[in-house]
Structure formats: C-alpha cells, structure tokens
Visitor: 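Quick one: the structure is below, questions incoming.
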Amino acid sequence: MSTRRHALALLAASPFLASCGARGPDPAAGWRAPGAGEADPRRFALAHAILAPSPHNTQSWEVAFDGASGMTLFCDLGRRLPFTDPIDRQITIGCGAFLELYRLAASSLGYAAEIAIFPEGEPAPRLDARPVAHVALLPQANSAPDPLFPHIAARRTNRNVYDERIPDDALLLRATSVTGGFPGAVQWTSALERVAALRDLVWRAFDRELRTRGAQEETYRWLRFGRGQVAERRDGLALEGPAIGVIKSLGMLDEEDFLDPHSFANQSAAKDWRRKAESAPAFVWLSSANDAPATRLGAGVAYARLNLAATALGLAMHPWSQALQEYGEMADLYAEAKRVLEAEDRTVQMLARVGYAEPVPASARRDAGDFVRA
Ligand SMILES: Cc1cc2nc3c(=O)[nH]c(=O)nc-3n(C[C@H](O)[C@H](O)[C@H](O)COP(=O)(O)O)c2cc1C
C-alpha cells in the first residue's frame, strides 16, 4: 500500500496541524477523548475503532447497529485500492485492525465482544457487500480492560527518518508477543545484513511504484492537499505545511507532475524516502500459511496489537507495503521480499520498519457518526 508515495515525503515533512480553525472542522478531533460522553458502549467502541490504521487512510469501514448490543461491520467498497491492492488483502487487514480496536474499547467498559467473522460466508476473490463481521457486546463481570486499550489514541504511523539506535531484542520480543491469536508468524530482524537487504528492497519497491502509472494514479486520488482539503475530506494522505503552498504555486502538485517519475517533486520525494528507508534500524513482518480472508482479518488484529504494543514501549512503526503488493509490475520484488523474509511458501501480510523517531501528529479521521449506515 499505501503510503509511501512520494507525496508522503512531503507529508512527513509537513506537520499536520492540530486545528484548522476557520478552515473547517479539526480533522484530528477524533483522537482526543474518543467516545467521551457516549452512553451506548457500541458508539464508544466505534469512536475508538475508527482510529485504526488503514491503507492510504482509506477508512473503508461502515457499520450498522442492531438490537441493544449488535454491530455489523461492512467494507465501504468504494474506498478500496483496486490497483495496488487488487485482492483487497490490505483493506481486509484494515478491517481486522478496526475490529480489534472496537474489542479493546469495549473491554475498557467491561464488555466482552463476541465476534462472528464473515457471518454470511467468506468473500472471494474480493470483499463484497456481505458483512465482514458481526459483533455483540456482552457485559462481563470482573473483566479487566485489555492493557493495550490506553494506547489507542497515542498510536501513529511514524514516517519520520528514524534514529540510529537499534531497539533491543527483548523489547522487540515484547512488542511482537501480543498478537491476539493470529494464526501466522510475527517476526523481526535487527541483524545488520538482513536489515540492509530490507532497506534496499523497500526502497526499490517504492521507486518501482513511483514509476508505475496505475499505482500513482490511485495514490493521487487519496492525496489531500493543504489544510482546507484535509479538514474537508478527513481521510487519505495529508500534504500539509508551508512547503505545500510554495510547491503548489510552482505548479508542481498537479496530477501530471505526480505521474511523471522525473518531475522535481518526485525526484526530491524519492530522495527523501530513500533516506527514510536507509534509516530503518529494524523490521517486523507478519506472515501466514494461507491467505484466506479470515487470516487477513487476523493479520489486521495482530498488526493493530503490535502497533499499540510498540507505542506502549516507545517504539515508532511504519509499514512499507509496496513490495508486498500483488500487481504485475511489482512481481519480481514481491518474490524477492518472500526470499529475504524466508517466507517463500507463505503470504507476507505486513512489513514495517520499527525504531525510534520524533513523534508525528495524528492523521485525519471522519466523524464516528459518518461510519454508521443511514
Ligand atoms: C494494510 C496496511 C498497509 C499500509 N501500508 C503502508 C505503507 O506502505 N506506507 C505507509 O507509509 N503507511 C502504510 N500504512 C499506514 C497507513 O497509511 C496509516 O495507517 C494511515 O495513513 C492512517 O495513519 P495512522 O496509522 O497514523 O492513523 C498501512 C496501513 C495498513 C493497515
């Protein structure tokens, strides 16, 4: 997925401002005291679930409430990434992350979440209009909140350049040992040689995507330029900060420019992203023996938990998904990723760098109510 894209070079360099004042509603409002004042535990849980990571910040979730305790999660099918994620694997991972945050928030109120996944059958080959999951919240006496719950609002995807400091193995072991019953493997490396191979691979995959028109066109649709557009749309990848105005006024942020791998914007973004890749001190990855939709959801649960555990431990994380994407132009790098990760006969569900970095501001979210089906 997702993010990478040269535009994200600008994104990372451009702080996302906490308040948009006169320019529209605060796109990061959802991160402050999510669900405060909600009497319905489902709405409290929803306010947390929408803070989940999703590829390109697509937020492709829709919910319907039923009875006093039920919630059905659907994929918002128009919010998928058909070029870079043609089989909806990453979108499904984002749904798994949503479900886990919903469950964690319910646990903080003393509810257990009874989750039935794909209750009307597993979709194939892509997600469809059928439900992704049905969740019933059941009051549970003497339950304790999941210890990852308090970290939901502090979790970020951190795309900064990372410090040289290498997270120690004990810390990585702790971060990767909370994966919520994911039926796959969660592994990491901070070994110099393997990290070097992965830095080089994620960089080349980034560069490949930069040169793949269909992927760039797709990313362009998810870019949000400037505070006004971010505040209005409250999704996607924000390009903000003083540099954006200058760059835009130079005519360097129109679509053709974005699609041209040789444009100044793309060249400088590529340089910036290469620096980020080369700063990675360690990588974590999730892999599974099969790639069934239920396994993808499980990978989303595991990734959300991993990202929250990393947050709790003071570690920054940033997925680099380009090399895992299932489109023709990426096929050789996809095969290389599997070789480097020793996962030839498996599906690599997520690959992320992990380490220490300056904190980043929260990304945009739509209002929780916008996710509820009318
Ligand atoms: C399946 C999946 C793949 C992702 N791939 C990338 C990626 O390749 N590059 C990137 O910068 N972020 C990636 N992300 C992170 C999202 O872009 C990020 O979650 C989203 O922009 C919202 O930001 P937040 O995580 O800080 O809330 C991915 C997230 C998910 C769930």
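These numbers come from a predicted model, not from an experiment. Whatever order the structure lists ligands and atoms in, that order sets their numbers, starting from 1. If you read the sequence from its start, that first residue is 1, and numbering goes on from there.
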Visitor: Is it true that the side chains of T212 and E329 contain a donor and an acceptor less than 3.5 Å apart?
Guide: no
Visitor: Is there a polar contact, in the sense of an N or O pair closer than 3.5 Å, between R159 and ligand 1?
Guide: yes
Visitor: Any nitrogen or oxygen of H318, side chain or backbone, less than 3.5 Å from one on ligand 1?
Guide: yes
Visitor: Does even one non-hydrogen atom of R89 get within less than 4.0 Å of ligand 1?
Guide: no
Visitor: Do you see a donor-acceptor pair shorter than 3.5 Å between the side chains of Q90 and D88?
Guide: no
Visitor: Consider ligand 1: state whether an atom of it lies below 4.0 angstrom from any non-hydrogen atom of R365.
Guide: yes
Visitor: Under a plain distance cut-off of 3.5 Å, with no hydrogens placed, do R353 and S279 share a side-chain donor-acceptor pair?
Guide: yes
Visitor: Side chains of N307 and R156 only: does a donor on one sit below 3.5 Å from an acceptor on the other?
Guide: no
Visitor: Could you see which bit of S54 sits under 4.0 Å from ligand 1, with heavy atoms only: side chain, backbone, both or neither?
Guide: backbone
Visitor: Can A97 be said to touch ligand 1, with heavy atoms closer than 4.0 Å?
Guide: no
Visitor: Under a 4.0 angstrom heavy-atom cut-off, which atoms of ligand 1 come close to S321?
Guide: 3 (C), 4 (C), 5 (N), 6 (C), 7 (C), 8 (O)
Visitor: Looking at S60 and C75, would you say the former's side chain and the latter's main chain have a donor-acceptor pair under 3.5 Å?
Guide: no
Visitor: Find all atoms of ligand 1 within a distance of less than 4.0 Å from any non-hydrogen atom belonging to R156, and give their numbers and elements.
Guide: 26 (O)
Visitor: Decide whether the shortest distance between a heavy atom of W31 and an atom of ligand 1 is less than 4.0 Å.
Guide: yes
Visitor: Going by the order shown, which atoms of ligand 1 are within less than 4.0 Å of some heavy atom of W320?
Guide: 8 (O)
Visitor: When you compare the side chains of Q349 and R89, does any donor N or O come within less than 3.5 Å of an acceptor on the partner?
Guide: yes
Visitor: Polar-atom distance check: P319 versus ligand 1, any N or O pair below 3.5 Å?
Guide: yes
Visitor: As an exercise, identify every atom of ligand 1 less than 4.0 angstrom from a heavy atom of S363.
Guide: 22 (C), 23 (O), 24 (P), 26 (O), 27 (O)
Visitor: Suppose we call two aromatic rings close when their centres sit under 6.0 Å apart. Are F371 and F98 close by that rule?
Guide: no
Visitor: Using a 4.0 Å heavy-atom cut-off, which part of T157 comes near ligand 1: side chain, backbone, both, or neither?
Guide: both
Visitor: Ring centres of F83 and Y327 under 6.0 Å apart?
Guide: yes
Visitor: Which one holds for H56 and ligand 1: side chain close, backbone close, both close, or neither close, with close meaning a heavy atom under 4.0 Å?
Guide: backbone
Visitor: Using a distance-only test with no angle check, is there a side-chain donor-acceptor pair under 3.5 angstrom linking T84 and E218?
Guide: yes
Visitor: Are the aromatic rings of H48 and F149 close, with centres under 6.0 Å apart?
Guide: yes
Visitor: Of all the atoms in ligand 1, which lie at a distance below 4.0 Å from a heavy atom belonging to Q322?
Guide: 8 (O)
